[in-house]
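Working notes, beginning with the structure itself.
Every number for a ligand or one of its atoms is a count from 1 in the order of the listing.
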Amino acid sequence: MRIDIATLFPEMCEAVLSESILGRARGAGYIELYCHNIRDYSEDKHRRVDDTPFGGGMGMVMQADPIYCCWRDVCDILGKRPHTIYMSPQGRRFEQKMAREYAKRDGLFLLCGHYEGVDERVLEEIVDEELSIGDYVLTGGELPALVVADAVARMCDGVLASEECFVEESHYNGLLEYPQYTRPAVWHEKPVPEVLLNGHHAKIRQWRREQSLERTWRKRPDLLERAPLDESDRRYLLDLQKRTETEDF
Ligand code: SAM
């Protein structure tokens, strides 16, 4: 998997992509991550890449040509057109299941906007889809691109120690993850749940599933509408609901 990020701030992206799990996975060759400075493709002697908006108004707009030349350069390196995503507050909301789908691709090209945004004509020409990380506006597409790169990278083979690291995590299977504990076994007079200390794997699995269901029901009940639940999950949730109603009463 290869991810190319086109940005005006490559150092900002490199700083994040070189650290921790992604930095190690990159070093070990499990994932290729490249940051391209759009300014390198400016024809202007001051390396300008923005101009005022036609029709007037506040702010600056990123020009089409430096972005197009940067993208063309990556197409030439790859020998093909990459799946091209413009990070935008107007895009489809990014979710875990999309990270899993993107991780199956050979590569992604993530375009980061800045200022008031990007000249629409280059978006029409090169972009396959627009992605948003939430309904708010940030100063640039770098943080959103890093969010997407991180979420996609950890779904790629070899980046995490094994699939086990993420299959029970929040959102992977439509639920939130169960609570986690580590040493010491008692902290501030709070003991770790007994079931986790006895080494009985079937009981631990069942406890974790129930905790996962309960957490999702309490914190994000909306997720339960789409989560793949079996008969025993549904029974557990029904009991939980009844128990809570009695407690409330
Ligand atoms: N004028 C644009 C609008 O109202 O839709 C917003 C421009 S924003 C200040 C600058 C850049 O930040 C955008 O071009 C985009 O690349 C990025 N950006 C801002 N918020 C984002 C979000 N929620 N998700 C993804 N990208 C975002």
Item to complete: Verify whether the ring centers belonging to H114 and F9 lie closer than 6.0 Å.
Response: yes
Tabulate distances under 3.5 Å between N/O atoms of ligand 1 and N/O atoms of the protein, writing both atom names on each line.
from	atom 1	to	atom 2	distance (Å)
ligand 1	1 (N)	E116	O	2.8
ligand 1	5 (O)	Q90	NE2	2.8
ligand 1	12 (O)	G141	N	3.4
ligand 1	14 (O)	Y86	OH	2.6
ligand 1	16 (O)	M87	O	2.5
ligand 1	16 (O)	G113	N	2.9
ligand 1	20 (N)	L138	N	3.0
ligand 1	23 (N)	G134	O	3.0
ligand 1	23 (N)	Y136	O	2.8
ligand 1	24 (N)	I133	N	3.1
ligand 1	26 (N)	S88	N	3.2

Item to complete: Evaluate the side-chain proximity of Y178 to R215: yes if any heavy-atom separation is below 4.5 Å, no if none is.
Response: no
Worksheet item: Pairs in or reaching into residues 180-211: which pass ring-ring contact (aromatic ring centres under 6.0 Å, His included), with residues at least two apart or in two chains?
Response: none
Discussion item. For a quick check under 3.5 Å, do E142 and T7 share a side-chain donor-acceptor pair by atom type?
Written reply: yes
Item to complete: Over all heavy atoms of both residues, which pair between P53 and M58 is shortest? Give the atoms and the distance, please.
Response: CG-O, 4.0 Å
Discussion item. Check this for me: does any side-chain nitrogen of one of R26 and E32 sit under 4.0 Å from a carboxylate oxygen of the other?
Written reply: no
